[in-house]
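Values reported hereafter were calculated over all heavy atoms of this structure, with side chains retained and with hydrogens, waters and symmetry mates removed.
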Amino acid sequence: MMGIFERITGSMEAKREWRSMEKRAKSLPPRYYEAYQAIQRYLNVTGGLTSWQSSHRVLTVVLELMEQAAFEQKPVTDFTGEDVAAFCDELVKDEQSWQTSYRHKLNETIRQNS
């Protein structure tokens with residue numbers, strides 16, 4: 001059972017995982033780190049994922065791609081394709097987003113009040 005502290009602040013294990021991922025990302029060469037951050041911002045702004053597990057899964061894929069691109073010294077678009085936004089959208093298409101949650105909540109609220 002989750003304690004009150006974890007309910008307020010979140011899981012300490014998740015925070016450790018997040019810090020570890022961010023440390024890995026910051027160790028990338030600047031252009032790959034900037035690409036990672038841009039993709040992360042895009043994912044957050046376009047709906048955001050609703051769970052740490054989903055965020056971790058998606059951002060791990062992105063981070064691994066950035067690490068591979070950096071290792072091979074190739075452009076990020078060699079791994080994502082030219083339409084990076086479409087690549088990101090494809091990564092999260094089966095994940096629950098805040099936008100999806102709010103859409104369902106709005107529809108349910110209207111149905112209940114009709």
Side-chain angles (χ1 to χ4, degrees):
M1 184 170 177
M2 186 183 293
I4 188 74
F5 181 74
E6 278 193 357
R7 287 183 191 187
I8 294 169
T9 64
S11 163
M12 292 307 290
E13 181 61 31
K15 288 180 190 285
R16 280 190 284 279
E17 290 175 4
W18 177 257
R19 286 185 193 118
S20 174
M21 284 180 61
E22 287 300 298
K23 186 176 180 179
R24 279 175 58 196
K26 287 178 183 176
S27 72
L28 290 166
R31 70 180 184 163
Y32 300 101
Y33 178 59
E34 290 167 9
Y36 173 80
Q37 286 183 306
I39 290 170
Q40 190 178 51
R41 275 191 307 275
Y42 176 83
L43 292 171
N44 288 332
V45 170
T46 59
L49 300 171
T50 60
S51 72
W52 163 245
Q53 293 82 9
S54 294
S55 294
H56 184 265
R57 186 172 33 256
V58 169
L59 290 175
T60 296
V61 168
V62 173
L63 182 54
E64 289 172 353
L65 284 174
M66 296 302 118
E67 289 170 334
Q68 187 67 32
F71 177 76
E72 295 181 17
Q73 297 182 344
K74 291 186 175 183
V76 170
T77 53
D78 280 6
F79 292 83
T80 62
E82 289 297 321
D83 189 344
V84 182
F87 167 80
C88 293
D89 294 343
E90 185 66 25
L91 275 178
V92 298
K93 74 176 183 174
D94 295 326
E95 303 289 343
Q96 182 76 14
S97 71
W98 287 112
Q99 182 181 26
T100 305
S101 293
Y102 289 135
R103 179 175 284 147
H104 290 300
K105 186 174 181 177
L106 173 63
N107 289 334
E108 186 60 30
T109 299
I110 299 301
R111 264 192 296 274
Q112 288 176 357
N113 294 327
S114 295

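- Expressed to the nearest 0.5 Å, how far CD of Gln37 lies from CG of Leu28 amounts to 10.0 Å.
- Minimum heavy-atom separation, Ala25 to Leu63: CA-CD1, 3.7 Å.
- Residues passing the salt bridge (charged side-chain N to carboxylate O under 4.0 Å, His left out) test with Lys93 are Glu90, sequence neighbours excluded.
- In this view, Gln68 and Phe71, Glu72, Phe79 satisfy the side-chain contact (heavy atoms from CB on, under 4.5 Å) rule, not counting sequence neighbours.
- Taking CD1 of Ile39 as the reference point, atom CZ of Phe87 lies at 6.0 Å (rounded to 0.5 Å).
- From Leu59, atom CG reaches atom OG of Ser54 across 10.5 Å, with rounding to the nearest 0.5 Å.
- Summarising the hydrophobic clusters (Ile, Leu, Val, Met, Phe, Trp, Tyr; side-chain heavy atoms under 4.5 Å, direct or chained), the residues clustered with Val45 are none.
- Looking at Gln40 and Glu22, their side chains do bring a donor and an acceptor atom within 3.5 Å of each other.
- In this view, Asn113 and Thr109 satisfy the side-chain contact (heavy atoms from CB on, under 4.5 Å) rule, not counting sequence neighbours.
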Glu13 and Arg16: CA distance, side-chain angles, deciding distance, side-chain contact (heavy atoms from CB on, under 4.5 Å) verdict: CA-CA 5 Å; Glu13 181 61 31; Arg16 280 190 284 279; 3.4 Å; yes
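- For the side-chain hydrogen bond (donor to acceptor under 3.5 Å, both in side chains) condition, no pair includes a residue of residues 79-88, sequence neighbours left out.
- Residue pairs meeting the salt bridge (Lys or Arg N to Asp or Glu O under 4.0 Å) criterion with at least one partner in residues 99-114, sequence neighbours excluded, are Glu108-Arg111.
- Residues passing the salt bridge (charged side-chain N to carboxylate O under 4.0 Å, His left out) test with Arg31, sequence neighbours excluded: none.
- Atom CG of Leu65 and atom CG of Leu91 lie 7.5 Å apart (nearest 0.5 Å).
- Annotation: side-chain contact (heavy atoms from CB on, under 4.5 Å) contacts of Thr60 (sequence neighbours excluded): Met21, His56, Glu64.
- Legend: residues meeting side-chain contact (heavy atoms from CB on, under 4.5 Å) with Arg19, ordered by chain and number and at least two apart, are Lys15.
- Membership of the apolar cluster around Ile110 extends to Leu106, as traced through chained side-chain contacts below 4.5 Å between ILVMFWY residues.
- The stretch residues 17-45 participates, sequence neighbours left out, in these ring-ring contact (aromatic ring centres under 6.0 Å, His included) pairs: Trp18-Trp52.
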